[in-house]
Amino acid sequence: MSRAPAPPRDRREAGEIFSPGFALFADMLLVGLLTSLACLPVVTVPAALAAASATLRETVGTGTQIRIGAYAGQLRAHLSAGSLAAGLLVPLLAVVLLVDSALVRGALPGAAAMAPALALLTLGSATVGLRASALTAPHRLSAREGLLRSAADPRGTLLLGGAVLLAALLAWSMPLLTPLLPGPVAFAATAVDLRAPTHGPQR
């Protein structure tokens with residue numbers, strides 16, 4: 001009688017010390033750290049988040065553990081002139097937040113209306129950007145497609161907006177956690193994209 005082939009060594013088995021859920025959590029934190037490093041040039045933020053989403057999507061689909069080389073490969077695949085140009089929006093959003101903060105502190109005329117509007121604009125832009133970062137080909141990093149899917153799936157958009165707010169709150173209250181936060185945020189964007197009723201789980 002022939003012997004059954006041994007399972008791949010990089011697969012998570014039921015007899016392992018840590019459960020698959022805990023292993024996925026550890027993978028998510030590793031991706032968060034790698035994404036933070038990849039985001040340091042600022043203009044690479046869209047590509048870094050897209051690489052994080054693609055890497056997490058792959059590990060959820062195959063059950064394989066995340067490797068640094070796999071993330072690096074995804075990052076190279078997502079780096080392009082378009083993604084670097086989109087990265088210029090990141091400092092623009094930071095400027096909007098600084099203006100919003102100045103309006104709140106300065107009590108200028110119209111600040112009561114402008115401050116919430118700028119905060120909502122920043123949150124909405126970040127949410128649409130995250131939706132775009134979770135897209136796969138042929139809509140990879142498409143801001144238009146991210147906007148369309150945000151409008152078509154308001155529940156998912158609200159969930160992702162809540163994840164962004166929670167990440168911002170954690171970064172403000174516990175700055176030491178900031179390098180790990182891109183992982184959970186990218187995971188939230190990936191999960192929202194996979195559950196979206198407009199296109200189903202198959203990409």
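Just so it is clear, the structure is predicted and the values come from calculations on it, not from any experiment.
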Do [X] and [Y] belong together in a cluster built from hydrophobic side chains that touch within less than 4.5 Å?
X	Y	result
Leu93	Leu118	no
Phe25	Tyr71	yes
Leu29	Val60	yes
Val90	Leu165	yes
Leu141	Leu89	no

For [X] and [Y], work out which heavy atoms get closest and say how close.
X	Y	value
Ala47	Leu79	CB-CD2, 3.6 Å
Val128	Leu147	CG1-N, 3.7 Å
Ala132	Ser142	CB-O, 3.5 Å
Val185	Leu160	O-CD1, 4.4 Å
Leu194	Arg57	CD2-NH1, 3.1 Å
Thr157	Ser150	OG1-O, 2.7 Å

Residue pair Val42 / Pro91, side-chain heavy-atom distance below 4.5 Å: yes
Distance from [X] atom [atom1] to [Y] atom [atom2], nearest 0.5 Å?
X	Y	atom1	atom2	value
His139	Arg149	NE2	CZ	5.5 Å
Leu34	Arg67	CG	CZ	13.5 Å
Thr44	Leu75	OG1	CG	7.0 Å

Whether [X] side chain and [Y] backbone form a donor-acceptor pair below 3.5 Å:
X	Y	answer
Thr127	Leu123	yes
Ser83	Ser80	yes
His78	Gln74	yes

Atom CD1 of Ile68: over 12 foreign heavy atoms under 6.0 Å: no
Salt bridge present between Arg131 and Asp193 (N-O < 4.0 angstrom): no
Distance-only polar pair, side chains of Ser53 and Ser133, donor-acceptor under 3.5 Å: no
